[in-house]
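Order of the sequence lines sets the chain letters (A, B, ...), proteins ahead of strands, with each chain counted from 1. Hydrogens, waters and symmetry mates are skipped; everything else that's a heavy atom, side chains included, is used. All values reported here derive from a predicted model rather than from experimental measurement.
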Protein chains: 2
Amino acid sequence: MAGDDEKRSVFGEQAGSVELLWGGRERPSRGPKPGLSLERITRTAMAIADLGGLGAVSMQRVAGELDFTKMSLYRYVPGKTELVALMVDTAMGEPPAPADGAAGNWRTALRDWAEQLAAAFRRHPWLLEAATGPRIMGPNELGWTERALAALADTGLNGGEQLDAVVVVTGHIRAITQVSASLGLGSTQAKEPEQVMSALLNELLVGRSDRFPALTAALASAAETDSRDQSLEFGLERILDGLEAYIARRAAP
Amino acid sequence: MAGDDEKRSVFGEQAGSVELLWGGRERPSRGPKPGLSLERITRTAMAIADLGGLGAVSMQRVAGELDFTKMSLYRYVPGKTELVALMVDTAMGEPPAPADGAAGNWRTALRDWAEQLAAAFRRHPWLLEAATGPRIMGPNELGWTERALAALADTGLNGGEQLDAVVVVTGHIRAITQVSASLGLGSTQAKEPEQVMSALLNELLVGRSDRFPALTAALASAAETDSRDQSLEFGLERILDGLEAYIARRAAP
DNA sequence: AGAAACTGTATCCGACGGACACTGATTTGT
DNA sequence: ACAAATCAGTGTCCGTCGGATACAGTTTCT
């Protein structure tokens, strides 16, 4: 079939991911029935990643959890990268339904979307690591950006600006959740990540406050103020403010 | 010395990084003279990463490039993670001097800072991968955030807000450069990364435009408009707009 | 009754980060 | 002057990783 050749030429090495994520490979009629399934493998790998991070996911480990040999997995998945791609798209899940009250209001729709995205990242912290860089997106992931773009469709932004706006928002969500996330893998999980972070920073700054005066002052001021946890909200609102101003400036004559 | 114990207790496993990045380990008096230096090792590793990405950096490779054995590197560096930390701080380099015309103008100072940061990421694309997540920051990296905070010191933002603002900006720079960067490692480097990206996306969307109408429309609109490359600027200006509005709102009675 | 197609396994490979024991060079204290 | 202490670099070994390949057993089609 010509389509396969075309796919292979356009997608290059990532044709496997495309087929796995998008193409519904039909069960062959001959041969023994498979004892595993893509779904089971993916779920198992996700469970491992949820507990021990992406680094804990190895073919051996996944197969062992399923009481199979490592190599049996390669009957279902071309390689580990493709498995991770599957994990990512599954972990993202169906894009969230647009909130009821958000109809016609791009700002609350986008804010809602961003918070749902942050929630997904918090559910599966390894997503930050796994869904990084440009890769082949699965249906779910593409559905997420579809939702965000749909919220911006009637704002007067052109296509490129809409895409840029989504990039800004996701970039912020990623940056924020990254700080809070991977610290959870540290030894004791007892303290809040923010506290650990500032504790380490403060320790570094001891005796060096003259070299980093602004940092020292900012940390001291932040320590006085009430508990910081509004980083996500603060940045998000600033971005939305900036978008709103731009949109308004455009709409006006 | 009590300080060492304290360091070890606070920094945990990352004490090695701290000592390497911050503490100036004095040369021991006894024993043969070292044939290598931290600096030479780091530079070599960086050169390898610049050419082949972070994945190409292995102890074997670095040592081979220096005509030494793999294990000899462990006389200078506790482990690979610490070496990468050194690479990161060296690659970041001295924080850029504040631009001349930017004195007293936080907006242009911060914009300038952000573009310098993007330039650093473009110089060493592996920084995106290596300087990810919360880790021990070196003097240079800390100097960068010091500069950014210094630009925001007189804005009326409190310490937490200043930190949040820096996080938003860096998050955006990272998000933008990430898209443009790791595609360069792809096969032919001939096309622009943006073009490759949209080509793949368009291929995926063929026959599925009904499922992703907003995306299809946005991509079509973006293709009409002039070449996209303003993603960095667009998002950055939106963020700065949002910050400016917030600052103004605060300053007003 | 084959032959073809398929699943799962066993074995092997190269590369990785790192532990450990060792040789040889250099400095210090006696 | 000499021995003990200290340190640089090497060689060897281990466990783990992703993956290629060859093969045995199973199911279906002709």
Side-chain angles (χ1 to χ4, degrees), chain A residues 13-17 19-20 24-42 44-45 48-49 52-87 126 129-130 135, chain B residues 13-17 19-20 25-42 44-45 48-49 51-87 126 129-130 135:
Chain A
E13 309 172 338
Q14 307 195 294
S17 292
E19 189 188 0
L20 220 64
R25 315 194 297 177
E26 65 273 9
R27 243 273 266 131
S29 52
R30 267 174 280 206
K33 296 157 199 165
L36 280 173
S37 70
L38 258 186
E39 218 248 331
R40 225 154 81 81
I41 294 174
T42 309
T44 308
I48 295 173
L54 198 61
V57 177
S58 75
M59 295 289 139
Q60 319 228 41
R61 184 83 200 289
V62 176
E65 215 81 27
L66 292 162
D67 278 313
F68 274 78
T69 335
K70 168 182 74 166
M71 291 313 291
S72 68
L73 302 184
Y74 288 93
R75 292 281 167 198
Y76 302 81
V77 167
K80 197 194 177 181
T81 45
E82 288 81 1
L83 173 57
V84 174
L86 264 177
M87 292 168 61
W126 45 271
E129 196 175 336
R135 64 233 124 58
Chain B
E13 308 172 339
Q14 306 196 294
S17 292
E19 191 189 358
L20 222 63
R25 314 195 298 177
E26 64 273 8
R27 244 273 264 135
S29 51
R30 268 173 285 209
K33 297 157 198 164
L36 280 173
S37 71
L38 258 187
E39 217 248 332
R40 224 153 82 79
I41 295 175
T42 310
T44 309
I48 296 172
L51 289 180
L54 198 60
V57 176
S58 76
M59 295 289 139
Q60 319 228 39
R61 185 80 201 288
V62 175
E65 216 80 28
L66 292 162
D67 278 314
F68 274 77
T69 333
K70 169 182 74 166
M71 291 312 291
S72 67
L73 302 183
Y74 288 94
R75 291 280 168 195
Y76 301 82
V77 167
K80 196 195 178 180
T81 44
E82 287 81 2
L83 173 57
V84 174
L86 264 178
M87 292 169 61
W126 46 270
E129 196 176 335
R135 67 232 123 57

Novice: Taking side chain as C-beta onward, heavy atoms only, is B:K70 less than 4.5 Å from B:V62?
Specialist: no
Novice: Quick one: does B:Y76's side chain have a donor or acceptor within less than 3.5 Å of a partner on B:L36's backbone?
Specialist: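 Between the backbone of B:L36 and the side chain of B:Y76 there is a qualifying donor-acceptor contact (under 3.5 Å).
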Novice: Any side-chain N or O of A:Q60 under 4.0 Å from OP1/OP2 of D:dG18?
Specialist: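 Checking D:dG18 against A:Q60, no side-chain N or O comes under 4.0 Å of OP1 or OP2.
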Novice: Output the rounded distance in Å from OH (B:Y74) to P (C:dC20).
Specialist: 13 Å
Novice: Compare all side-chain heavy atoms of B:R135 with those of B:T81 and state whether any distance is below 4.5 angstrom.
Specialist: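 A side-chain contact under 4.5 Å is absent here.
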Novice: Strictly distance-based, threshold 3.5 Å: is any side-chain N or O of A:E82 a donor or acceptor partner for the main-chain N or O of A:G79?
Specialist: yes
Novice: I need the CZ-C1' distance between A:R61 and D:dG19, as an integer number of Å.
Specialist: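 The answer, rounded to whole Å, is 20 Å.
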Novice: Taking the side chain from B:T69 and the backbone from B:S72, do they hold a donor-acceptor pair closer than 3.5 Å?
Specialist: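 Checking the backbone N and O of B:S72 against the side chain of B:T69, no donor-acceptor pair under 3.5 Å is found.
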Novice: Provide, to the nearest angstrom, the distance between the CG atom belonging to B:L83 and the P atom belonging to C:dC16.
Specialist: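 These atoms are roughly 14 Å apart.
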Novice: Rounded to the nearest Å, what distance is computed from the CG atom of residue A:L54 to the P atom of nucleotide D:dG18?
Specialist: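 Value for this atom pair: 10 Å.
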Novice: Could you check if a side-chain atom of B:V57 sits within less than 4.5 angstrom of a side-chain atom of B:R61, using non-hydrogen atoms only?
Specialist: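 Of all side-chain heavy-atom pairs linking B:R61 with B:V57, none is under 4.5 Å.
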Novice: Given D:dT16, is OP1 or OP2 found less than 4.0 Å from the side-chain N or O atoms of A:S58?
Specialist: no
Novice: Could you give the CD-to-C1' distance, from B:E82 to C:dG17, as a whole number of Å?
Specialist: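 Answer to the nearest Å: 12 Å.
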Novice: Could I get a table of every N or O pair under 3.5 Å where one atom is in the protein and the other is in nucleotides 6-10 of chain C?
Specialist:
unit_1 : atom_1 : unit_2 : atom_2 : d
C:dG8  : OP1    : A:G35  : N      : 2.3
C:dG8  : OP1    : A:Y76  : OH     : 3.3
C:dG8  : OP2    : A:Y76  : OH     : 2.3
C:dG8  : N7     : A:R75  : NE     : 3.0
C:dG8  : O6     : A:R75  : NH2    : 2.5
C:dT9  : OP2    : A:T69  : N      : 3.0
C:dT9  : OP2    : A:T69  : OG1    : 2.5
C:dT9  : O5'    : A:T69  : OG1    : 2.9

Novice: Need one value for B:V77: base, sugar-phosphate or nothing, where a base atom within 4.0 Å counts as base even if backbone is also close, heavy atoms only.
Specialist: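 It contacts nothing in the nucleic acid.
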Novice: In whole angstrom, what separates B:L66's CG from D:dG9's P?
Specialist: 11 Å
